Number of protein chains: 2
Amino acid sequence: MEVRRIEPCCAPITDEALSAEQSQELARAFKVLSDPVRLRLLSLATAAPTGEIRAADLVAPLGRSQPTVSHHLSVLADAGLLLRDQRGREAWFRPVHERLAVLRAALGE
Amino acid sequence: MEVRRIEPCCAPITDEALSAEQSQELARAFKVLSDPVRLRLLSLATAAPTGEIRAADLVAPLGRSQPTVSHHLSVLADAGLLLRDQRGREAWFRPVHERLAVLRAALGE
DNA sequence: CCGACATATCGACGCCTGTCTATATCTGGT
DNA sequence: ACCAGATATAGACAGGCGTCGATATGTCGG
């Protein structure tokens with residue numbers, strides 16, 4: 001998916017026109033959010049009481065295969081929206097609120 | 001693209017987990033923003049001094065064919081992010097800031 | 001009424017991406 | 001050492017989407 005770390009890239013799109021490069025970078029970022037499974041993973045991570053989730057616990061609720069869930073978690077981690085914490089054979093993930101804030105900021109206000 | 005009007009659909013994803021339906025709806029919305037041409041169109045519309053843009057004036061700066069630009073404008077209009085104002089043979093577009101705000105709100109805060 | 005302009009629609013093509021099954025890798029416990 | 005559990009990787013397949021050229025539709029001016 002050509003995932004790239006989400007970084008502050010530009011003024012809010014409500015303020016000034018984007019360059020070709022800026023729009024491409026932003027589009028890549030929003031593409032990460034354009035899948036229902038990934039959005040659900042992100043919300044499950046943020047809403048988790050402990051603030052983190054374990055990969056194995058997500059397969060059943062999402063109704064997708066284990067490799068598919070693993071794939072989406074990697075996409076979110078590569079984008080910097082989730083932070084992977086490997087503990088032995090388990091993979092735990094925490095949301096990175098600052099990255100979400102970057103995208104929110106790009107939408108204006 | 002199965003575009004649908006962008007509506008307030010859910011609490012911020014930072015607050016509580018999304019349902020399958022909510023995540024699908026949100027994903028559809030972000031998919032509209034996941035293309036560089038559409039992001040650029042949106043920013044050009046918002047940054048325009050008069051607050052509106054004419055379709056014909058966008059072909060050259062975007063470097064895409066006229067049908068492609070027309071297509072993307074339609075996607076944005078269908079999503080409710082742009083408001084189409086037909087004036088004779090010309091099509092003018094204004095940004096709908098409330099729709100952008102809906103997406104911003106879904107990202108938290 | 002005709003030609004130039006503005007936009008939308010159609011059909012096709014190529015690439016990208018989400019999904020799966022099968023398999024590999026690594027870890028922890030017994 | 002072995003087995004079971006957790007995760008990652010590989011490969012394949014199907015559907016979706018951005019793009020284009022060609023064409024249709026509609027509008028203004030002379």
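Not measured: the values here are computed from a predicted model. We name chains A, B, ... by the order of the sequence lines, and we start the count at 1 in each one.
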Here the distance between atom C1' of D:dT7 and atom CH2 of A:Trp92, to the nearest Å, is 14 Å

Hey, does the side-chain of B:Gln66 have a donor or acceptor N/O within less than 3.5 Å of a partner on the base of C:dA6? no

Indicate yes or no: does A:Glu25 engage A:Arg5 in a salt bridge with an N to O separation below 4.0 Å. no

Output yes when at least one side-chain N/O atom of B:Thr68 is less than 4.0 Å from OP1 or OP2 of D:dC20, else no. yes

Rounding to an integer number of Å, can you tell me how far A:Asp57 CG sits from D:dG5 C1'? 13 Å

Looking at every strand, decide which applies to A:Arg84 at a 4.0 Å heavy-atom threshold: base, sugar-phosphate, or nothing. sugar-phosphate

Should A:Leu41 and A:Phe93 be marked as a side chain to side chain contact (heavy atoms under 4.5 Å, CB included) after you check the CA-CA gap, both sets of side-chain angles, and the distance that decides it? CA-CA 10 Å; A:Leu41 286 172; A:Phe93 295 87; over 6 Å; no

Write down the distance between CG (B:Asp35) and P (C:dC16), rounded to a whole number of angstrom. 14 Å

B:Leu33 side chain reached by B:Arg38 side chain, heavy atoms, under 4.5 Å: no

If you pin B:Phe93 and A:Gly63 to their nearest nucleotides in DNA chain C, which one's is more 5'? B:Phe93

Considering just the side-chain nitrogens and oxygens of A:Arg64, establish if one lies under 4.0 Å of OP1 or OP2 belonging to C:dC20. no

Per atom distances to the A:Arg54 side chain, the nearest of D:dC20, D:dA6, C:dA6 is D:dA6

From D:dG21, C:dT19, C:dG18, pick the nucleotide closest to the side chain of B:Pro67? D:dG21

Do A:Leu26 and A:Cys10 make a side-chain contact, defined as non-hydrogen atoms from C-beta onward lying under 4.5 Å apart? yes

Under 4.0 Å: is that the gap between some side-chain N or O of B:His71 and OP1 or OP2 of C:dA8? no

Verdict with reasoning, A:Leu100 to A:Leu42, per side chain to side chain contact (heavy atoms under 4.5 Å, CB included): CA-CA 10 Å; A:Leu100 266 185; A:Leu42 204 53; 4.2 Å; yes

Can you figure out which of D:dT7, C:dC20, C:dT27 approaches the side chain of A:Arg89 most closely? C:dT27

Could you check how far CG of B:Leu73 sits from P of C:dA6, rounded to whole Å? 15 Å

Any side-chain N or O of A:Ser70 below 4.0 angstrom from OP1/OP2 of D:dT7? no

How many whole angstroms separate atom CG of A:Leu82 from atom P of D:dT7? 14 Å

Would you say the side-chain atoms of A:Ser43 and A:Thr46 include a donor-acceptor pair closer than 3.5 Å? no

Tell me whether the side-chain N/O atoms of A:Arg38 come closer than 4.0 Å to OP1 or OP2 in C:dG18. yes

Between D:dC17 (P) and B:Asp78 (CG): distance, integer Å: 13 Å

A:Glu90 atom CD is separated from D:dA4 atom C1', nearest whole Å, by 14 Å

At 4.0 Å (heavy atoms only), tell me whether B:His72 reaches a base, stays on the sugar-phosphate, or touches nothing. sugar-phosphate

Round to the nearest Å and state the distance from B:Leu58 atom CG to C:dT7 atom C1'. 12 Å

A:Ser65 side chain N/O closer than 4.0 Å to the phosphate oxygens (OP1, OP2) of C:dC20? yes

